[in-house]
Amino acid sequence: MKIAIRFTVFFIVVIALIFLTFIKTSIGIGLVIIGLLAIGLYDILQTKRSILRNFPIIGHMRFLLESISPELHQYFIEGNTKGKPISRNVRTYVYSRAKLENENHPFGTELNVNQENYIWMRHSIYAAKRLQESPRSLVGNHQCSQPYSASLFNISAMSFGALSKNAISALNLGAKLGGFMHDTGEGGISPYHLLGGDLVYQVGTGYFGCRTLEGKFSAENFAKTVNIPQVKMISLKLSQGAKPGHGGILPASKNNEEIAKIRGVEPHVTIFSPPSHTAFSNPIEMMEFIGELRRLSNGKPVGFKLAVGNKKEFIAICEAIIQTNIIPDFITVDGAEGGTGAAPLDFTDHVGMPWEEALAFVVDTLRGYDLKKHIKVITATRIFTAFDIFKALSIGADLTNSARGMMLAIGCIQALKCHTNECPTGVATNNPRLVNGLVIAQKDKRVFNYHERILADFMDLLSAAGCSSTQELSRDFIYKKKQDKTYSFQEIYPDVEIGSMLR
């Protein structure tokens, strides 16, 4: 009986085929029945999938439903505040600002304000006069001869290859329209990065754009790459939050001839960047390398990006800065919640320090070594809303970057197919059929709109807090619910006395 139930559909197809041999019917129906019988026979005879052997024909429903499970969950199951990694409300926030649609939210908050880790900002009954122009921050200390005035909100590192040529083009043109910076990611500078937007050139462990044929760092190729007007800053990538301690991954399905030529690698194979750099192996050598990058770039701002793991290693970097007197112009802090197109699950879920703690630690350590006055801190994890910017600057950051927020602005729907080359919106794919669906002339304006509106929202929050300048922000402005009590960030992360670690 159990066998009969499992093979019910297959038996029905067989019976239907026998029945059709005795009656006249359309050729189409006959072909359908024959096709189903062929599928059933294949399912029974194949050895790779147990479900299909045990449930021929109907077993394919399982794989069909599995393939569309993210869409089913997103459209029919998830609530406005529960979507992962980005909730529906946050996605709607980005979409509405990118499209210049209604930006208001009805009926009050949907968050549980009494739950553990609920975060809020204090406001003042004496609101300050709202700023008319968004503040900017000058990146470049006294050792830099070409400082750069940066927006408070910028495009975080996303490589050509991970993102499509149309996506990169839209982002760069949006950056040009809004006067903010576009981080190239570690994949090198493509023609689609050179449409007028200001660039941050990222030097990853694969040295794409500045490598020898053997994959080592090439000073000559680096100098050729960065000494163009569009490149304003150079970022040395030590690690990223989504996969700290693991190099970047470009799946073979995305690595076409054009991308391989730009990166200087073989096409149609998966490219794994090394987990660490070969140009240096300790903090002193790292500072000397940063000094060389500054020299080769003729004094452009040079910094590094990292996800914090071992606190002692970052402290050692600060001590190396003091010892060598080579001071980076900026440090970009990533958190374990950071996004990626492809990474092992163990790394995304369980490696690296969470963003909030990492940012506070880096800022406090720089203050302890009296380096914060020379080094701008950029942060680049889960920055989607104006409150995210407000919170980051209150903790001690100077600037913010966003990757997934900018992806949403150009049409990403969180389909979670970044690693498959089948992104349905043409953002994270190199499939020409899908890429063509992303119209650059429409999406660049959405990047610009999102940037402008989120900073307008930020200035509203700054005014509501009673502040006329970002310099007035401190950890006293942010509060978190913990164990049925509310603490300010100042209590959770007490400020470190300037210079205290030098003593």
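FYI, side chains are in, hydrogens and waters are out, and symmetry mates aren't considered; it's all heavy atoms of this structure.
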Tell me every residue that passes ring-ring contact (aromatic ring centres under 6.0 Å, His included) with [X], counting only those two or more places apart in sequence or in another chain.
X	value
F180	H451
Y493	F489
F160	Y192
F289	F217, F280

Could you name each residue pair satisfying salt bridge (Lys or Arg N to Asp or Glu O under 4.0 Å) that touches residues 476-485, not counting sequence neighbours? E356-K480
[X]: what forms a salt bridge (charged side-chain N to carboxylate O under 4.0 Å, His left out) with it, not counting sequence neighbours?
X	answer
D495	R367, R475
K165	none
E497	R503

When you measure from the side chain of Y148 to the backbone N and O of D198, does any donor-acceptor pair fall under 3.5 Å? no
Judged by atom type as modelled, is there a donor-acceptor pair below 3.5 Å linking the side chain of N172 to the main-chain atoms of I168? no
State which residues pass side chain to side chain donor-acceptor pair (under 3.5 Å) with [X]; sequence neighbours excluded, sorted by chain then number.
X	answer
K373	D370
T379	W355
Y95	none
Y369	E319

